[in-house]
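Below is one structure; the comments refer to it alone.
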Number of protein chains: 2
Amino acid sequence: MVEFHVDRGSGLPAYLQLGQQVREALRLGWLRPGDRLPTVRDVVATSGVNANTVLKAYRELELAGLVEARQGSGTFVKSSLGSATPEDLDPLRAKLAAWVAEARSAGLEDEDVYALLREVLSGGER
Amino acid sequence: MVEFHVDRGSGLPAYLQLGQQVREALRLGWLRPGDRLPTVRDVVATSGVNANTVLKAYRELELAGLVEARQGSGTFVKSSLGSATPEDLDPLRAKLAAWVAEARSAGLEDEDVYALLREVLSGGER
DNA sequence: TCTATTGTCTTAGTTAACTAGAACAATCTG
DNA sequence: CAGATTGTTCTAGTTAACTAAGACAATAGA
């Protein structure tokens with residue numbers, strides 16, 4: 001079961017935060033096809049956002065073909081995201097963890113790490 | 001000189017995008033103390049956002065102590081961000097680029113890479 | 001001093017995000 | 001079947017983000 005946590009005042013709309021967290025869970029394999037998402041009322045109770053906001057997030061995921069809502073029973077993962085298998089992912093995660101450890105010992109903060117990755121991924125363009 | 005590019009419809013407010021881009025440029029050393037930011041009117045002309053929105057972004061950066069606005073001459077970088085020196089940064093960037101190349105050849109998309117980094121940085125917690 | 005440049009402020013209005021509370025509809029479970 | 005659970009819809013309202021256009025104020029440079 002996925003746990004949502006909505007950061008009020010981060011500037012990012014709540015329904016986008018919810019959608020991102022589902023997509024991220026799909027990419028990392030935490031959610032797989034057939035899994036059930038928390039009910040709308042669950043999310044309302046745990047995250048404090050309104051039911052309409054949760055519904056908006058779920059509806060966008062449904063429009064993207066990622067989940068399927070079944071009235072009376074819940075919202076279920078329909079399709080996966082990300083092209084990597086866990087077998088590919090695990091060694092890459094280990095290598096990345098080693099690099100992160102090195103970066104941190106060089107004094108880099110998390111934000112520095114993110115900035116560096118964005119730079120590398122975008123090909124160093126400005 | 002930094003070039004801003006505001007993505008309308010990304011959900012993230014424009015003034016936050018501007019602020020993030022300045023902070024990122026500071027972390028990567030693209031902006032250094034003494035450098036001048038684009039003028040408010042420049043940003044208006046190139047990015048299409050309103051002057052008040054640019055002003056809001058610059059004012060937040062000023063409140064954070066990162067820049068200093070001088071009426072009549074411009075807005076200047078006051079302080080730097082990030083604790084790493086370029087000498088530390090360069091080898092780390094090279095290693096990260098190698099890892100990214102490996103990840104991509106394993107079929108990972110950019111979003112997969114971001115998700116993996118977030119997971120590693122947060123310590124694997126759920 | 002004069003002029004252009006730059007940051008700043010004011011006022012007014014629009015739009016999207018979000019809240020609030022209630023009700024309805026389909027499904028599952030006992 | 002009966003009751004609980006779940007997704008869904010509705011109406012109304014609030015708030016923050018953003019737009020628009022103009023004017024003012026301080027500084028730099030000729």
Side-chain angles (χ1 to χ4, degrees), chain A residues 1-22 31 33-79, chain B residues 1-22 31 33-79:
Chain A
M1 178 69 90
V2 187
E3 268 285 322
F4 293 120
H5 77 294
V6 173
D7 178 14
R8 277 315 216 255
S10 78
L12 202 61
Y15 75 99
L16 283 181
Q17 292 185 41
L18 294 176
Q20 281 184 1
Q21 283 169 40
V22 170
L31 278 179
D35 286 352
R36 198 178 82 149
L37 296 185
T39 71
V40 172
R41 286 173 178 80
D42 270 352
V43 180
V44 168
T46 57
S47 74
V49 303
N50 188 268
N52 296 308
T53 304
V54 182
L55 199 62
K56 183 171 186 177
Y58 279 14
R59 194 142 33 193
E60 285 203 358
L61 292 168
E62 193 167 19
L63 268 174
L66 296 176
V67 305
E68 187 180 20
R70 299 191 210 131
Q71 199 160 244
S73 64
T75 304
F76 297 84
V77 176
K78 192 174 164 188
S79 156
Chain B
M1 177 69 89
V2 186
E3 268 284 323
F4 293 119
H5 76 295
V6 173
D7 178 13
R8 276 319 215 254
S10 78
L12 201 62
Y15 76 99
L16 283 181
Q17 292 185 42
L18 295 176
Q20 281 183 2
Q21 284 170 40
V22 170
L31 279 179
D35 287 350
R36 199 179 81 150
L37 296 185
T39 69
V40 172
R41 285 171 179 80
D42 270 352
V43 180
V44 168
T46 58
S47 74
V49 302
N50 189 267
N52 295 309
T53 304
V54 182
L55 198 62
K56 183 171 185 179
Y58 279 13
R59 194 143 31 192
E60 284 201 359
L61 291 168
E62 193 166 21
L63 268 175
L66 296 175
V67 305
E68 186 179 22
R70 297 189 212 133
Q71 199 158 242
S73 65
T75 304
F76 297 83
V77 176
K78 193 173 164 189
S79 156

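In the text below, chain A, chain B and the rest are named by the order of the sequence lines, each starting its count at 1. In what follows, every heavy atom counts, from backbone to side chain, and hydrogens, waters and symmetry copies are set aside.
- Partners of A/D35 according to the side-chain hydrogen bond (donor to acceptor under 3.5 Å, both in side chains) rule, which considers only residues two or more places apart in sequence or in another chain, do not exist here.
- Remark: C1' of D/dG7 and CG of A/L63 are 15 Å apart, rounded to the nearest angstrom.
- Distance from the side chain of A/V40 is smallest for D/dG7 among the nucleotides C/dG7, C/dC9, D/dG7.
- Looking only at side-chain heavy atoms (C-beta outward), B/V2 and B/V22 stay at 4.5 Å or farther from each other.
- The interatomic distance linking A/D42 (CG) with D/dG7 (C1') rounds to 13 Å, in whole Å.
- Here B/Q21 pairs with B/F4, B/H5, B/Q17 under the side chain to side chain contact (heavy atoms under 4.5 Å, CB included) rule; sequence neighbours left out.
- Remark: P of C/dT6 and CD of B/E68 are 17 Å apart, rounded to the nearest angstrom.
- Taking atom CG of residue A/L55 and atom P of nucleotide C/dG21, one finds them 18 Å apart after rounding to whole Å.
- Of the two residues contacting DNA chain C, namely B/T39 and A/T53, the nearest-nucleotide position lying further toward the 5' end is that of B/T39.
- Looking at A/L31 and A/L37, their side chains come closer than 4.5 Å, going by heavy atoms from C-beta outward.
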**Item:** Under 4.0 Å protein heavy-atom contact, by nucleotide of nucleotides 21-30 of chain D - B base, S sugar-phosphate only
**Value:** B---BBBS--

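- To the nearest 0.5 Å, atom CG of residue A/L16 and atom CD of residue A/E60 are 6.5 Å apart.
- Evaluation of the side chain to side chain contact (heavy atoms under 4.5 Å, CB included) rule for A/S73 yields A/R70, A/F76 as partners, not counting sequence neighbours.
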Pairs: protein N or O with nucleotides 13-17 of chain C N or O, under 3.5 Å:
{"from": "C/dA17", "atom 1": "OP1", "to": "A/Y15", "atom 2": "OH", "distance (Å)": "3.0"}
{"from": "C/dA17", "atom 1": "OP2", "to": "A/K56", "atom 2": "NZ", "distance (Å)": "3.3"}

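- With sequence neighbours excluded, the residues satisfying side chain to side chain contact (heavy atoms under 4.5 Å, CB included) with B/E62 are B/V67, B/A69.
- Considering only residues two or more places apart in sequence or on other chains, A/A14 meets the side chain to side chain contact (heavy atoms under 4.5 Å, CB included) condition with A/V6, A/R8, A/V49, A/T53.
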